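Beneath this line is the structure, given in structure tokens, with notes to follow.
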4 protein chains.
Amino acid sequence: MPKIGMRPIRREALITATIEALAEDGGLDARVSDIARKAGVSTGLAHHYFGSKEELFVETMRHLLVLLGTASAASLKRCDTPRERIDAILETNFSPRQFDKSTIAAWLIFYVRSIKSDESRRLLSIYTRRLRSNLIFAVSPVCTPKQAVEIAEGAAALIDGFWLRTALNTTLIEREQAITTVRKYVDQQLMSYQNEKA
Amino acid sequence: MPKIGMRPIRREALITATIEALAEDGGLDARVSDIARKAGVSTGLAHHYFGSKEELFVETMRHLLVLLGTASAASLKRCDTPRERIDAILETNFSPRQFDKSTIAAWLIFYVRSIKSDESRRLLSIYTRRLRSNLIFAVSPVCTPKQAVEIAEGAAALIDGFWLRTALNTTLIEREQAITTVRKYVDQQLMSYQNEKA
Amino acid sequence: MPKIGMRPIRREALITATIEALAEDGGLDARVSDIARKAGVSTGLAHHYFGSKEELFVETMRHLLVLLGTASAASLKRCDTPRERIDAILETNFSPRQFDKSTIAAWLIFYVRSIKSDESRRLLSIYTRRLRSNLIFAVSPVCTPKQAVEIAEGAAALIDGFWLRTALNTTLIEREQAITTVRKYVDQQLMSYQNEKA
Amino acid sequence: MPKIGMRPIRREALITATIEALAEDGGLDARVSDIARKAGVSTGLAHHYFGSKEELFVETMRHLLVLLGTASAASLKRCDTPRERIDAILETNFSPRQFDKSTIAAWLIFYVRSIKSDESRRLLSIYTRRLRSNLIFAVSPVCTPKQAVEIAEGAAALIDGFWLRTALNTTLIEREQAITTVRKYVDQQLMSYQNEKA
DNA sequence: AATGAATGAGTTTTCATTCAT
DNA sequence: GATGAATGAAAACTCATTCAT
């Protein structure tokens, strides 16, 4: 009877270690050996379970994406009004879980990697499309389709912008205020459309 | 008859090549030899003029920063009203020169590098502080200092967000619309403050 | 109730898998894990039963050698004339069993390994000497010892040549024709010696 | 003025070193570092000029192929009769240049590699086809096309067989005798066809 | 008897940097 | 001023072998 079922355990440990490593060194050149050490295993094992560094990175990105997607879906499920939906989206995207230093840094690295890696780009576009469609769906009941797209793109830019600036320590404002700002932005946009109509 | 005055020519060619290489060939992993080839010179020459890859990257970042700073200063000089200042900032940040694919990608990579490289971080913070102070200065005449900071942070996040999304091809909207969106955002913020006052 | 008598079963399965793997998967670079998977067992088991990859390879070679030797001895036993003996040797060496793609490829690899591995070389020389002595013995009754050696070397070269070319898919002719060609070669040699004598 | 034009020099040195290395260790697992040391350069340089070990091996094979092809063409040019052509082919294939230990060992390795490497297989088939067509062309004037193919395949098998057995030290006969044997084989074949006709 | 988890030594590969010319 | 040859250190990757269960 061998030690069995380590595969998922090791994979998760390595993925977690990858996220940490990306945050720590600036990540750009996190070595497989660093990541393996952090996960408490040998370099060989990392390759055994992921095949290559690229694959480990892609799987880590996929992992983050799933976490975000799951959290997002869960919090949207309980929503009835546009306002609730917007809040749910913001809660998720700015949740301490998603908005912590390591996670943001990892995302940032993946953003950059997506310039060159097809799979990373594919994964990134899943995130992007999901955020966009969530935002559009949220505001659709109270504006025209065209306006919904406009609001969604603006809000998405704000969210990504706050993310980026937090990742890089170039913003003065905190989580709470970022949320407030985006919410306020959406409200004002919607209001301005109401006025146009009138 | 030695060639003289090659230094500035070679340096500029290498810096231009670096920007291109960061967007195209290798992204994060652009090699010195790639960059040199793109500039039409040998690898050795890149080191001759810049000493190291790190230095070449820093100089390239500084170059982008100077371009942006110069353009920004020039267009702000002719402005008298808050509205004009905001427009000038947006015109500069979203000018075709600044908003093209290569330049944005290069900035993104420098953003990430700034996590590790002290000099890059220093340069990045110059950009950040300048953008913030320009925005604050622009709206100061028509709102309180606290409101000015809020607007500035929001507008900066929007600008960075649009930048990021353009770099990654994850946005649906174009330059023109991005400008309109930010301008509209600032207007609405200011208006809302007016209303509060009233 | 422990499984008993698994040893010969596993060993045979692994040896068979080795032969297949050498021809298919990895050629020269067949991995122990490939072979084990092909045999339907774990990597560990391959080492349990053979101790090392080298040993597994040597045993596989020995296995092929025994098969060929047994078949050869069996078919030579029933022969009385030179012509019958030659035919028996050819029947054996070009029997579908020996002349199939996997087996030939495996032999080829063992040939090359024999350059480095003492044990492989020893085994290979057994094959070589046996073939030579069988050929010499076959034609001895009808020619001088010196002529016998000449014929044997020529016929052996033809046989090895056809083998090699079949292994590498570089020949146009089939098993049947190869046999005919070698037989014809021997006949003509013998005839020419007859003529010389006359 | 840099040290220039080293590329062809280094490439040749590395190819020569590869041939030597393949002969020495049994070659199967000659390391790039071994080869580089033998060529008097660093490992890095080998990769600089060839990109990968695979490529170095392929280029070495191509080199051997060109040598053989050139020699073959040169010696065939001066021939007028079938007999001369056959002799020229044998002279070339068994020339001390082609028939030395290193070269034969290298070919043997390449033979085995061709099982897995597409490019190696392609190159090997060039050799095979050329030998076949040279042989066929040589005997064509004095026999039917069908007979020519038969002779060519038989002679090619003999040649390859002698090569193989020399590479593996499993033959008793020398270069000279090998040539004689093949020539005699061809003669006898042709004669036997003459007789058939009669 | 059997597994497959785990290692680590050994190799290939990459590339910034140096240097002779 | 300029080259590109050359290095070597660092990293990725491979895989036979060991071992706890």
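Protein chains get the first letters and strands the later ones, always in sequence-line order, with residue 1 at the start of each. Every value quoted in this text rests on a predicted model; they were computed, and no experiment measured them.
OP1 or OP2 of F:dA6 has at least one side-chain nitrogen or oxygen of D:Arg10 nearer than 4.0 Å. One finds a side-chain N or O of D:His47 lying less than 4.0 angstrom from the OP1 or OP2 phosphate oxygen of E:dT13. Side-chain nitrogen and oxygen atoms of A:His48 include none within less than 4.0 Å of the OP1 or OP2 phosphate oxygen of F:dC15.
B:Ser102 and B:Glu24 share no side-chain donor-acceptor pair at under 3.5 Å.
Nucleic acid contact class of C:Phe50 (heavy atoms, under 4.0 Å, all strands): none. Residue contacts for C:Ser52: at a heavy-atom cut-off of 4.0 Å it reaches the sugar-phosphate backbone alone, with no base atom in range.
Between C:Phe110 and C:Phe57, the angle of the ring planes goes over 60°, which puts this pair in the perpendicular group of the 30/60° scheme.
Mapping D:Thr43 and B:Gly40 onto DNA chain F via the closest heavy atom, the residue that lands nearer the 5' end is B:Gly40. Residue B:Leu45 is the one, among D:Met6 and B:Leu45, whose nearest nucleotide of DNA chain F lies closer to the 5' end (criterion: closest heavy atom). Of the residues near DNA chain E, B:Val32 and D:Ser33, the one whose nearest nucleotide (by heavy atom distance) lies more toward the 5' end is D:Ser33.
Side-chain atoms of D:Thr103 and D:Asp100, non-hydrogen and from C-beta on, do get closer than 4.5 Å to each other.
Pairing for E:dT21 goes to F:dA2, judged as Watson-Crick or G-U wobble with the two contacts each under 3.5 Å. E:dG10 and F:dC13 make up a base pair, with Watson-Crick or G-U wobble contacts both under 3.5 Å.
One atom, CD of B:Glu55, and another, P of E:dT18, lie 13 Å apart when rounded to the nearest Å.
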